[in-house]
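In this chain, numbering begins with 1 at the start of the sequence shown. These figures come from a predicted structure and were not determined experimentally.
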Amino acid sequence: MGGEAKMVDRLANSEANSKRIQVVEGCFGAAGQPLVIPGRVLIGEGVLTKLCRKKPKARQFFLFNDILVYGNIVIQKKKYNKQHIIPLESVTIDTVADEGDLRNGWLIKTPTKSFAVYAATATEKSEWMSHIGKCVGDLLEKSGKAPTGEHAAVWIPDSEATLCMRCQKIKFTPLSRRHHCRKCGYVVCGPCSDKKFLLPSQSSKPVRVCEFCYLQLASAGGGMGLGPHSDSYSRSGSKFNNVSDDEDEEDSSD
């Protein structure tokens with residue numbers, strides 16, 4: 001790892017590296033955040049399949065020595081939108097076992113958001129995990145910080161639940177919508193998730209949690225809980241615009 005760290009340090013101030021990052025920045029357009037800063041190095045890039053709330057989707061990922069950036073592919077290699085930036089200091093990764101068509105995957109976990117991604121080959125998976133791990137290790141070594149202990153739950157995809165995963169009674173329909181508990185990631189019905197609780201690592205406002213997690217959180221006394229709220233069933237969105245008071249779940253889970 002020492003040799004790779006020295007190589008990264010050499011690249012940090014190179015003109016070629018700055019130009020590569022400027023190109024990536026330009027691909028996100030005016031809506032994206034600036035990516036060129038002193039000392040930042042573009043380590044690698046590629047398309048990964050991200051397990052989103054509705055279904056797996058292709059996303060363009062860029063690994064820098066300090067952040068992981070991804071976005072929706074608008075034009076391959078030329079234009080991306082909905083830019084997401086993840087500080088690597090807060091990242092932990094875990095391998096995911098192959099299951100059906102979903103192969104070569106791993107979890108990217110942070111206190112704010114956690115999700116699974118899948119590479120096209122086992123070699124790509126190994127390279128991604130190795131490089132992410134090295135970047136995280138190098139950052140923690142430089143800062144003297146300890147690895148992040150807490151991380152947000154990985155959301156279970158909608159397709160894996162036809163019934164509420166808590167009460168096991170309510171069947172999901174266009175009128176009885178699926179919701180996600182922000183604490184455990186379970187797919188739950190409205191009545192089983194009609195409370196909110198403040199999870200500071202995820203949001204500055206109280207977020208939807210299931211009854212089970214609410215009781216655990218409230219008894220632990222950590223945070224601010226809110227009782228049932230009347231907007232649980234505010235809008236029954238279509239297949240492509242399914243939001244209600246879960247804000248933009250489709251986008252926020254991306």
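Using a 4.5 Å heavy-atom threshold, the side chains of Val69 and Phe64 count as touching. The shortest distance between side-chain heavy atoms of Cys210 and Arg166 falls below 4.5 Å. Contact of the Gln202 side chain with the Arg182 side chain is registered, since non-hydrogen atoms from C-beta on lie closer than 4.5 Å. Between Asp194 and Glu211 the shortest side-chain heavy-atom distance falls below 4.5 Å.
Judged by a 6.0 Å distance limit and a 45° cone about the ring axis, Lys183 is not positioned over the six-membered ring of Phe197.
Below 30°, between 30° and 60°, or above 60°: for His84 and Tyr70 the angle between ring planes is below 30°, a parallel geometry.
Hydrophobic clustering (side-chain heavy atoms under 4.5 Å, transitive across Ile, Leu, Val, Met, Phe, Trp, Tyr) keeps Phe212 apart from Trp155. Under a hydrophobic clustering in which Ile, Leu, Val, Met, Phe, Trp and Tyr are joined whenever their side-chain heavy atoms come within less than 4.5 Å, directly or via other members, Val23 and Val41 fall into different clusters. Linking ILVMFWY residues whenever their side-chain heavy atoms come closer than 4.5 Å, directly or via other members, leaves Met165 and Ile170 in distinct clusters. Hydrophobic clustering (side-chain heavy atoms under 4.5 Å, transitive across Ile, Leu, Val, Met, Phe, Trp, Tyr) keeps Val187 apart from Leu163. Note on Val117: it does not cluster hydrophobically with Ile156, by side-chain heavy-atom contacts below 4.5 Å among ILVMFWY residues.
The aromatic ring centres of Tyr80 and Phe61 sit 6.0 Å or more apart.
Salt-bridge formation is detected for the pair Asp138/Lys142: a Lys NZ or Arg NE/NH1/NH2 atom is positioned less than 4.0 Å from an Asp or Glu carboxylate oxygen.
Panel note: side chain Gln76, backbone Ile73; no donor-acceptor pair is recorded below 3.5 Å.
By the ring-ring contact (aromatic ring centres under 6.0 Å, His included) test, Tyr186 is found to be paired with no residue, residues two or more places apart in sequence or in another chain being considered.
Residues Ser203 and Leu198 share a closest heavy-atom pair of O-CD1, 3.8 Å.
Under 3.5 Å, the side chains of Lys125 and Thr95 contain a donor-acceptor pair of N or O atoms.
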